[in-house]
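Taking it in order: structure first as structure tokens, then the write-up.
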Amino acid sequence: PPDHREGKCPTSVRFLFTENLRRLSSHSLVMVDATIGFSADSLNFSCSSFEPKDDSMSKFLSCTGLALLGGVVLAASATAQTAYLLKDINTNPSTTTSPSNPYPQRTFENQNSNKYIQMGKYFYFAATNAKVGQELYRTDGTKAGTTLVADINPGTGSSSPYYFAVMNGKLYFRANDGKSGSELWVSDGTAAGTKLVADIYAGSSSGSPTYIQAVQNKYIVFRANNGKNGTELWGSDGTAAGTKLLLDINQTSTTASSSPYYVTPNLVGTKVFFQATDGKTGYELYVTDGTVAGSMLVKDIRPGSSSSSPNYMVRLGATQVIFTANDGTNGSEIWVSDGTAANTKLVKDINVGSGSGGNTYAATPIGKKVLFRGNEATNGYEPWITDGTTAGTMLLKDVRVGTGSSYMYYSCEDNGLAYWGCSATAGSYEIWVTDGTTAGTKRFSKAAMTTASPSYLEATGGLVFCYARDVTA
């Protein structure tokens, strides 16, 4: 709602969560209707018994021990505190408290990396059952619609599905069938349609596809090891024949690895950015469009064998990324790139000289700008904003007034607003919000605890969900 920052948004929202509090004896999928209200000084939460409204769902939100499914937002109020089990996946007859631990999967390499993933009307996750081990499941938010997709590693062994990405209507991920090691798999949501794409490291050894990312809805890119070229950049069109090494970046020896890392969490036009090393220039900025010809070094930001270590890349507008890098002269600062060497440059030397002043660890896009934390050596680490230009990069607000740092962390964006957790005063942990202006930067809510910070923020429909601990409960 427009007035949510003034604390006038008691709203009922349908969601699922993996309960990991001491009040429950096991980890299970639970559904509730909840009334959540934020005010200037508190965060209020209450639940009522759930009655299905419809089957639509918009977003699976997750956090450490807490996963939320934001669906139909309803204008309602409730006071009772009851919830019910959606499905007891692990019905181990030997104990009534064996958890299935439905948990989020890594979909990209960044600070907010744990996500459930949606394909069609279902959300996919890994869960453990005493009979089949840890395997691939899906849910549409109903008990009947929460089912095992496939027992990839037959019997009680686990396939441990991980690193999910959706490309052209199919789910790609890493799994181990007990024969081929951890390799690239695909699923259309059915047991018959869940199969091995390619045995990258032939035999029982693992190719270990990691940081799987879709590009142009035509390819997936990831890092993997075929036992011959080391850990390098791979791509696939979803077929065995179309799964191939895209770029053998480190050729200093036959099995040397470039170890692609910090894969950008957002597609930038038709490109995916990452850091890698060729063994000569250190860890530098690379780019791929999912093809052999379109995979290359962008720029040796720190010339020579030292590394600029570009990391925590965040989308800026439609064609650029903002990231942290160290050119050896200006310390770790924020840089911008569109995938070309000419347009890869330092945005601003925030902490003038060799000191480090820019950090995109907790950065998030907000409109055509990026919110990040910076430190010009006067105000400590505080929220800054950039449009990718020197003139458009500035301190947004000194949240923790003085030389202390509020340490912006765990940010998210929704409908033109950015939210993040911070410590405005010693021992205080709060959620702040901004519309990208100093005047529009203010406390959103004050978490009801003093020893734990709000983490893994997700926002939808004017509501913010996070993992936190109330030490008084």
Inset, instruction - In sequence, state the C-alpha distance, the side-chain angles, and the governing distance for Y381 and M408, and then conclude on side chain to side chain contact (heavy atoms under 4.5 Å, CB included). - result: CA-CA 7 Å; Y381 278 101; M408 168 188 161; over 6 Å; no

Find the distance between [atom1] ([X]) and [atom2] ([Y]) and round it off to the nearest 0.5 Å.
X    : Y    : atom1 : atom2 : value
S423 : E430 : OG    : CD    : 7.5 Å
L233 : L246 : CG    : CG    : 4.5 Å
Y122 : D140 : OH    : CG    : 5.0 Å
I334 : N359 : CD1   : CG    : 10.5 Å
I212 : Y172 : CD1   : OH    : 10.5 Å
S411 : I366 : OG    : CD1   : 10.0 Å

Do [X] and [Y] have side-chain heavy atoms sitting under 4.5 Å apart?
X    : Y    : answer
K397 : W432 : yes
T434 : P383 : no
L245 : W234 : yes
K368 : D387 : no
D237 : K218 : no
S259 : T277 : no

If every non-hydrogen atom of [X] is compared with every non-hydrogen atom of [Y], which pair is closest and at what distance?
X    : Y    : answer
Y219 : D289 : CD1-O, 3.8 Å
V186 : F173 : C-CE2, 4.1 Å
K143 : K87  : O-CD, 3.6 Å
L136 : P161 : N-CG, 3.8 Å
A363 : F372 : CB-CB, 3.9 Å
S258 : Y283 : O-CE2, 3.6 Å

Legend entry - Test applied, side chain to side chain contact (heavy atoms under 4.5 Å, CB included); reference residue, Q213; option that passes from I220, V263, T288: V263

Is it true that a side-chain atom of [X] and a backbone atom of [Y] form a donor plus acceptor pair closer than 3.5 Å?
X    : Y    : answer
E413 : G416 : yes
D188 : K170 : no
T360 : T324 : yes
R223 : T231 : no
K369 : I385 : no
S406 : E382 : no
T264 : F273 : no

Distance-only donor-acceptor pairs under 3.5 Å for side chains of residues 148-158, two or more places apart:
{"residue": "D151", "atom": "OD2", "partner": "G155", "partner atom": "N", "Å": "3.2"}
{"residue": "N153", "atom": "ND2", "partner": "S158", "partner atom": "O", "Å": "3.2"}
{"residue": "S158", "atom": "OG", "partner": "Q134", "partner atom": "N", "Å": "2.7"}

Inset, instruction - Kindly assign one of parallel, tilted or perpendicular to the pair F444 and Y419, based on the angle between their ring planes and the thresholds 30° and 60°. - result: perpendicular

Inset, instruction - Say whether E135 and S159, considering side chains only, have a donor N or O and an acceptor N or O under 3.5 Å apart. - result: yes

Inset, instruction - Examine the side chains of N311 and S309 and answer whether a donor and an acceptor come within less than 3.5 Å of each other. - result: no

Legend entry - side chain to side chain contact (heavy atoms under 4.5 Å, CB included) assessment of E232 paired with L247: CA-CA 7 Å; E232 294 291 350; L247 192 62; over 6 Å; no

Inset, instruction - Mind jotting down which residue pairs meet the side chain to side chain donor-acceptor pair (under 3.5 Å) criterion with at least one end in residues 173-185? Sequence neighbours excluded, please. - result: R174-T210

Legend entry - is_close_aromatic(Y262, Y211), centroid dist under 6.0 Å: no

